[in-house]
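So the structure is just underneath, and the comments pick up after that.
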There are 2 protein chains.
Amino acid sequence: MRRPDETDSEFLRTYDPDAYERPSVAVDVVLLSVRDGRMCTLLVRRKERPQAGRWALPGGFVGIQESLESAAQRVLRAKAAIEDNVFVEQLYTFGEPERDPRMRIISVAYVALVPFELQATAGSAEPDRSVSTVGIPWHGATGGAVELRDSDGRIMKTAFDHADIVGMAVKRIRGKLDYTPIGFQLLPETFTLRQLQRVHEVIQDQPVNKDSFRRRMLASGHLEATGERQRDVEHRPAELYRFIKRSAV
Amino acid sequence: MRRPDETDSEFLRTYDPDAYERPSVAVDVVLLSVRDGRMCTLLVRRKERPQAGRWALPGGFVGIQESLESAAQRVLRAKAAIEDNVFVEQLYTFGEPERDPRMRIISVAYVALVPFELQATAGSAEPDRSVSTVGIPWHGATGGAVELRDSDGRIMKTAFDHADIVGMAVKRIRGKLDYTPIGFQLLPETFTLRQLQRVHEVIQDQPVNKDSFRRRMLASGHLEATGERQRDVEHRPAELYRFIKRSAV
DNA sequence: GAAATAGTGTCTTTAAGACAGTATGTG
DNA sequence: CACATACTGTCTTAAAGACACTATTTC
């Protein structure tokens with residue numbers, strides 16, 4: 001808690017916080033996963049007007065004494081049953097005056113990355129809530145709105161500017177992949193190099209050279225061999241790796 | 001404020017725009033330039049409480065019908081006499097509950113890049129406003145608060161979390177420099193390759209290989225030779241280049 | 001043994017860095 | 001002319017891509 005000095009305290013007593021009309025502030029969370037060679041995200045079917053029946057990102061208003069990140073974590077807990085130990089990063093703030101017809105709502109968007117198993121649990125946790133996962137068709141270019149489709153390939157009508165938000169999330173993750181180790185956030189705790197490669201290929205939507213990918217990953221110092229191997233596969237089982245935090249450089 | 005047990009519909013049905021206290025939303029602009037081998041930014045001396053006398057980023061509250069980017073442009077016009085044709089990009093949204101002692105203020109920060117000549121004009125446009133430029137000492141690492149010093153090397157006391165915001169801005173620009181042509185935004189319309197190289201060196205705080213820098217820049221397709229040459233230099237004048245928007249790929 | 005994928009060693013290609021040498025301006 | 005910096009060509013080095021080959025599992 002910042003401690004204003006005496007004169008500041010005096011000033012604060014006379015400050016009129018109601019001089020200007022204020023917008024509402026919300027957070028929306030793009031919960032990304034990779035499944036079957038596609039990216040997917042969690043959407044919630046709106047039951048209320050406006051735009052009832054359309055699909056929206058899980059979100060909520062920011063409490064007056066709540067930090068933005070806390071609000072995002074709360075939304076994840078409440079709407080996706082996902083606890084705090086996942087990758088969450090602020091994405092962008094969407095504030096066009098007409099983006100929500102109700103009133104002026106400024107939305108601070110967050111991206112979260114989870115293994116698909118967790119997202120599948122979230123999607124089926126409360127069936128009355130009509131939660132669903134969708135694939136993101138890839139258009140090569142980065143940024144802008146994306147089309148969201150359900151498991152049968154039908155386009156899902158999205159609410160407000162949420163298709164733009166998802167597009168921005170994909171762009172951000174794609175950009176970070178090259179210079180930050182985040183691919184493992186989309187995998188279980190132990191994984192094979194091949195699985196990690198597939199995650200990279202899906203995010204970038206282009207094939208990755210296997211040999212050089214192995215070399216780069218192993219040389220990065222972020223991976224640690226577990227000594228364990230895959231089980232129940234129909235071929236030679238690959239070594240399982242674990243992500244380790246890079247030691248001081 | 002926190003009610004994780006509520007379902008979506010309950011939350012929305014019970015949300016009365018006037019029932020909950022709303023935060024104020026502001027924009028703050030980091031106006032970056034490069035001068036004499038250092039990065040610098042525009043600060044304004046606060047005359048109002050709280051934190052009167054401290055140095056703050058130019059900023060202002062967002063109007064209830066004003067977009068965030070418009071607000072940033074308005075702040076640039078009003079406090080730095082800078083018109084719309086400069087690089088402006090949303091940076092990050094700072095929303096810790098106690099970051100401003102007056103009340104809950106969520107600040108959407110923007111970065112703007114301008115040639116130093118423009119910033120110098122802005123800094124002296126309204127002397128009664130105590131505008132000043134400062135260098136940013138570089139600590140090698142990225143992110144976090146930075147120290148801001150005046151032209152005599154004295155540390156300037158900054159208001160609120162504005163030192164963090166400047167640190168974030170430097171980190172962002174540094175990161176973008178490698179894969180986006182933004183260096184020219186910090187130079188006049190025509191410039192030499194050497195000047196562009198110096199800008200890159202200042203931003204990254206490390207020397208750049210001259211030969212490979214020339215090759216990369218000329219191969220990027222972003223530069224166009226003007227046929228003109230430098231004047232009034234004490235050595236062989238270099239060719240002047242101009243930035244061109246990359247044609248379709 | 002056949003099939004499938006994991007993992008290794010080496011050659012080629014490409015981009016960056018190093019460096020020598022030439023060109024062109026000022027005084 | 002000396003001097004300073006712009007510009008060019010070539011060699012070296014490091015990383016990525018290509019590819020042949022071996023290894024280990026299931027069926």
Side-chain angles (χ1 to χ4, degrees), chain A residues 34 36-37 174-181 183-184 187-188 190-243 246 249, chain B residues 36-37 174-175 177-181 183-184 187-188 190-243 246 249:
Chain A
V34 167
D36 296 341
R174 187 186 236 194
K176 287 201 84 158
L177 194 64
D178 287 329
Y179 61 97
T180 316
F184 72 93
L187 291 170
T190 64
F191 49 86
T192 68
L193 287 176
R194 190 59 149 184
Q195 290 171 322
L196 188 59
Q197 181 182 343
R198 291 241 188 275
V199 165
H200 279 240
E201 288 176 332
V202 169
I203 293 177
Q204 304 190 333
D205 193 43
Q206 60 182 11
V208 166
N209 184 281
K210 177 186 159 192
D211 307 306
S212 118
F213 182 79
R214 288 181 63 89
R215 264 183 303 205
R216 266 192 298 128
M217 287 302 128
L218 293 175
S220 73
H222 291 296
L223 297 185
E224 177 185 59
T226 63
E228 302 283 312
R229 291 170 165 264
Q230 277 183 309
R231 300 189 173 212
D232 303 322
V233 288
E234 296 182 337
H235 51 80
R236 173 179 171 183
E239 172 118 38
L240 290 168
Y241 288 83
R242 179 186 295 116
F243 174 79
R246 190 191 186 80
V249 179
Chain B
D36 295 341
R174 189 185 233 192
L177 194 63
D178 287 329
Y179 61 95
T180 315
F184 72 93
L187 291 170
T190 65
F191 49 86
T192 68
L193 287 175
R194 191 58 147 186
Q195 290 173 323
L196 188 59
Q197 180 182 343
R198 292 242 189 274
V199 165
H200 279 241
E201 288 175 334
V202 169
I203 293 177
Q204 302 190 335
D205 194 42
Q206 60 181 10
V208 166
N209 184 280
K210 179 186 160 192
D211 306 308
S212 118
F213 182 78
R214 286 181 64 90
R215 263 183 304 208
R216 265 192 298 127
M217 287 302 128
L218 293 175
S220 73
H222 290 297
L223 297 185
E224 177 185 58
T226 63
E228 301 284 312
R229 289 168 167 265
Q230 277 182 309
R231 300 189 174 209
D232 303 321
V233 288
E234 295 182 339
H235 51 79
R236 172 178 172 183
E239 172 119 37
L240 290 169
Y241 287 83
R242 179 187 293 115
F243 175 79
R246 191 192 185 80
V249 179

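Per chain, numbering begins at 1; letters A, B, ... match sequence-line order. Note that these values count all heavy atoms, side chains included, but never hydrogens, waters or copies made by symmetry. Computed from a predicted model, the values in this text were never measured in an experiment.
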Could you check how far CG of L196(A) sits from C1' of dT5(C), rounded to whole Å?
-> 17 Å
Is there a side-chain contact between Y241(B) and L218(B) (heavy atoms, below 4.5 Å)?
-> yes
Backbone N or O of E239(A) within a donor-acceptor pair of the E228(A) side chain at under 3.5 Å?
-> no
Check: P237(B) main-chain N/O paired with R229(B) side-chain donor or acceptor under 3.5 Å | yes
Heavy-atom side-chain contact between V199(A) and L177(A) under 4.5 Å | no
Pairs: protein N or O with nucleotides 19-21 of chain C N or O, under 3.5 Å:
unit_1: dC19(C); atom_1: N4; unit_2: D211(B); atom_2: OD1; d: 3.1
unit_1: dC19(C); atom_1: N4; unit_2: D211(B); atom_2: OD2; d: 2.7

OP1 or OP2 of dG7(C) sitting under 4.0 Å from any side-chain N/O of R214(A)?
-> yes
Starting from P on dT8(C), measure out to CG on N209(A) and report it in whole angstrom.
-> 15 Å
DNA chain D-proximal residues of residues 230-240 of chain B, any heavy atom under 4.0 Å | H235(B), R236(B), A238(B), E239(B)
Between dA6(C) (P) and L193(A) (CG): distance, integer Å | 9 Å
Donor-acceptor contact present, side-chain E201(A) to main-chain V208(A), <3.5 Å | yes
Please answer whether the main-chain N or O of Q204(B) pairs with a side-chain N or O of R174(B) as donor and acceptor at a distance below 3.5 Å.
-> yes
Given atom CZ of R216(B) and atom C1' of dT14(C), what is their separation to the nearest angstrom?
-> 15 Å
Rounded to the nearest Å, what distance is computed from the CZ atom of residue R229(B) to the P atom of nucleotide dT5(D)?
-> 16 Å
For atom CG of D178(A) and atom C1' of dA16(D), their distance in whole Å = 14 Å
Here the distance between atom P of dA6(C) and atom CZ of R198(A), to the nearest Å, is 8 Å
Can you tell me how far P of dC7(D) sits from CE of M217(B), to the nearest Å?
-> 15 Å
According to a strict under-4.0 Å criterion, is R194(A) in side-chain N/O contact with OP1 or OP2 of dA6(C)?
-> yes
Of the options R231(B), R236(B), Q230(B), which is the one that meets V233(B) in a side-chain contact (heavy atoms from CB on, under 4.5 Å)?
-> Q230(B)
Is the F213(A) ring parallel, tilted or perpendicular to the H200(A) ring (thresholds 30°, 60°)?
-> perpendicular
Ignoring hydrogens and angles, are the base of dG17(D) and the side chain of K210(A) linked by a donor-acceptor pair under 3.5 Å?
-> no
Please check if any side-chain donor atom of Q197(B) sits under 3.5 Å from a side-chain acceptor atom of R194(B), or the reverse.
-> yes
